[in-house]
A.B. asks: 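Dropping a structure here in structure tokens format, bear with me for questions.
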Amino acid sequence: MIILLTLLVILRLFDSVSQCQGGCAEVDSLTEAVVGEGFRLGCISCKRREEVSAQATVDWHFRPLGEEDFMHIFHYDHPSAEILHKNFSNRLEWHGTPDRDVQTASIYIHNITYNDIGTYRCTIQRTLHLPRDDEHVTVEKQVELNVVAEAHPELTTVVSEIMMYVLIVTLQLWLVAILVHCYKKTSKEYEDQEARKALKLQAEVLEDN
């Protein structure tokens, strides 16, 4: 029973999330990668007016830890995606919006190394095609990336686990309360029934006398 109720709550949560995925949401990128694994650098810039058509180009720059200057590592202009620095050769993939109207400008780095620690800057150059004239908008976002030997649990994961335990405990307490309530109700009904029987028996004895 507890497992069933827990699954129902989880399904409701996933249903709510799926209903929200239809629009654009600006979510910050994760900032901790594991050496030897892949990592997605997030960069999202939502249009304020979805009905307006637009096109955008994306550039990614990287400044290694301890360095002063950024290096140009990636350029996207649909349908072309170009890796611009040898240190990222064959390691970068476009994981953003697959057309000219770019809102998600994320890239994926394969085979993370400690040399990838540093600051990544995402620049989106967007042109909005308005009725009277085009409007040009530039959006910049930065990600401070750290690389570790082993994965550490994200705060959201820890919070989710805590909430799950709290939910299970709450459901158990709720079920106990329901059982206690039902027991008291059944016990009172039984006592009332026995009292009525005793009164009926007493009345019959008086009638016989």
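Counting from 1, the numbers follow the sequence of the chain as shown.
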A.B. asks: Are any of the side-chain heavy atoms of Leu65 and Ile117 separated by less than 4.5 Å?
C.D. replies: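 When only atoms from C-beta onward are counted, Ile117 and Leu65 do touch, with a gap below 4.5 Å.
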A.B. asks: Please check: side-chain N/O of Trp94 versus main-chain N/O of Glu82, any donor-acceptor pairing under 3.5 Å?
C.D. replies: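 Here the side-chain-to-backbone pair does not exist.
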A.B. asks: If you apply the rule side-chain contact (heavy atoms from CB on, under 4.5 Å), what do you find for Leu130 with Val52, and how did you get there?
C.D. replies: CA-CA 7 Å; Leu130 302 176; Val52 176; 3.7 Å; yes
A.B. asks: Would a distance-only check, ignoring hydrogens and angles, find a side-chain to backbone donor-acceptor pair under 3.5 Å from Thr113 to Asn115?
C.D. replies: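 Yes, Thr113 side chain to Asn115 backbone: donor-acceptor pair under 3.5 Å.
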A.B. asks: Using 0.5 Å steps for rounding, measure from the CZ atom of Arg63 to the CD atom of Gln142.
C.D. replies: 6.5 Å
A.B. asks: Can the ring centroids of His181 and Tyr183 be said to lie less than 6.0 angstrom from one another?
C.D. replies: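 No - the distance between ring centres of His181 and Tyr183 does not fall below the 6.0 Å cut-off.
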A.B. asks: Would you mind reporting whether Leu145 and Phe39 have side-chain heavy atoms less than 4.5 Å apart?
C.D. replies: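 Touching, per the 4.5 Å side-chain cut-off.
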A.B. asks: Pair Asp28, Lys141 - check salt bridge (charged side-chain N to carboxylate O under 4.0 Å, His left out), show working.
C.D. replies: CA-CA 9 Å; Asp28 292 335; Lys141 297 194 174 186; 5.6 Å; no
A.B. asks: Is Asp59 salt-bridged to Arg121, cutoff N-O under 4.0 Å?
C.D. replies: no
A.B. asks: Could you tell me whether the side chain of Glu150 and the main chain of Val34 form a donor-acceptor pair under 3.5 Å?
C.D. replies: no
A.B. asks: Using the ring of each side chain (for Trp, its six-membered ring), is His95 parallel, tilted or perpendicular to Tyr108, with breaks at 30° and 60°?
C.D. replies: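 It falls in the parallel class, under 30°.
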A.B. asks: Would you mind telling me which of Leu173, Leu171, Val166 makes a side chain to side chain contact (heavy atoms under 4.5 Å, CB included) with Val169?
C.D. replies: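 The single option meeting the side chain to side chain contact (heavy atoms under 4.5 Å, CB included) with Val169 is Leu173.
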A.B. asks: Would you find a donor on one side and an acceptor on the other, under 3.5 Å apart, between the side chain of Ser29 and the backbone of Leu41?
C.D. replies: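 Absent.
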A.B. asks: Side chains of Tyr76 and His78: donor-acceptor distance under 3.5 Å anywhere?
C.D. replies: yes
A.B. asks: Is there a continuous path of hydrophobic side-chain contacts, each under 4.5 Å between heavy atoms, that joins Phe88 to Val143?
C.D. replies: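 Yes; Val143 is reachable from Phe88 via cluster members.
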A.B. asks: Assess the pair Phe62 and Phe74: is the distance between their ring centroids shorter than 6.0 Å?
C.D. replies: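 They do not qualify: ring centres at least 6.0 Å apart.
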A.B. asks: Quick check against the 3.5 Å criterion: does Arg40 have a side-chain atom that pairs as donor or acceptor with the backbone of Ile107?
C.D. replies: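 It does not hold such a pair.
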A.B. asks: Can you find a side-chain donor-acceptor pair between Thr119 and Glu144 that sits under 3.5 Å?
C.D. replies: yes
A.B. asks: Quick one, Glu93 with His110, criterion side-chain contact (heavy atoms from CB on, under 4.5 Å). Give me CA distance, side-chain angles, the key distance, then yes/no.
C.D. replies: CA-CA 8 Å; Glu93 283 185 10; His110 292 275; 3.0 Å; yes
A.B. asks: How long is the straight-line distance from OG1 of Thr186 back to NZ of Lys188, given to the nearest 0.5 Å?
C.D. replies: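 It comes to 12.0 Å.
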A.B. asks: Between CD1 of Ile83 and CG of Leu92, what distance do you get to the nearest 0.5 Å?
C.D. replies: 5.0 Å
A.B. asks: Apply salt bridge (charged side-chain N to carboxylate O under 4.0 Å, His left out) to residues Arg196 and Asp192 and explain how you reach the verdict.
C.D. replies: CA-CA 6 Å; Arg196 286 195 296 272; Asp192 291 343; 5.1 Å; no
A.B. asks: Hey, is the main chain of Ala56 close enough, under 3.5 Å, to the side chain of Arg126 for a donor-acceptor pair?
C.D. replies: no
A.B. asks: For the residue pair Lys184 and Ser187, establish whether any side-chain heavy-atom pair is separated by less than 4.5 Å.
C.D. replies: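 The answer is no; the side chains never approach within 4.5 Å.
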A.B. asks: How about Lys47 and Leu128: do any of their side-chain heavy atoms sit closer than 4.5 Å?
C.D. replies: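 Yes, close enough: below the 4.5 Å cut-off.
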A.B. asks: Please give me the minimum heavy-atom distance between Ile112 and Gly38, naming the atom from each residue.
C.D. replies: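 The pair with the smallest heavy-atom distance is CG1-C, 4.4 Å.
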A.B. asks: Taking the side chain as every heavy atom from C-beta outward, state whether Gln103 and Ile124 have any pair of such atoms under 4.5 Å apart.
C.D. replies: no
A.B. asks: Any pair with a residue in residues 81-130 that passes disulfide (SG to SG under 2.5 Å), sequence neighbours left out, goes on the list, sorted by first then second residue, please.
C.D. replies: Cys43-Cys122
A.B. asks: Measuring from atom OG1 of Thr123 to atom NE2 of His61, what distance do you get when rounded to the nearest 0.5 angstrom?
C.D. replies: 6.0 Å
A.B. asks: Which heavy atom of Val148 sits nearest a heavy atom of Tyr114, and at what distance?
C.D. replies: C-OH, 4.2 Å
A.B. asks: Is Thr31 close to Asn146 at the side-chain level, that is, under 4.5 Å between some pair of heavy atoms?
C.D. replies: no
A.B. asks: Working to the nearest 0.5 angstrom, can you tell me the gap between Leu84 CG and Met71 CE?
C.D. replies: 12.0 Å
A.B. asks: For a 4.5 angstrom cut-off between non-hydrogen side-chain atoms, does Ile44 reach Cys46?
C.D. replies: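 With C-beta onward as the side chain, the pair touches.
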A.B. asks: Check whether Thr104 reaches the backbone of Gly96 with its side chain - one donor and one acceptor, N or O, closer than 3.5 Å.
C.D. replies: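 Not at all, since once roles are kept as given, no pair shorter than 3.5 Å links the two residues.
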A.B. asks: Check step by step if side-chain contact (heavy atoms from CB on, under 4.5 Å) holds for His75 and Val58.
C.D. replies: CA-CA 6 Å; His75 176 75; Val58 179; over 6 Å; no
A.B. asks: Could you pull out all donor-acceptor pairs under 3.5 Å where a side-chain atom in residues 132-139 meets a protein atom, sequence neighbours excluded?
C.D. replies:
{"unit_1": "Asp134", "atom_1": "OD1", "unit_2": "His129", "atom_2": "ND1", "d": "3.2"}
{"unit_1": "His136", "atom_1": "ND1", "unit_2": "Thr127", "atom_2": "OG1", "d": "3.1"}
{"unit_1": "Thr138", "atom_1": "OG1", "unit_2": "Gln125", "atom_2": "OE1", "d": "2.8"}

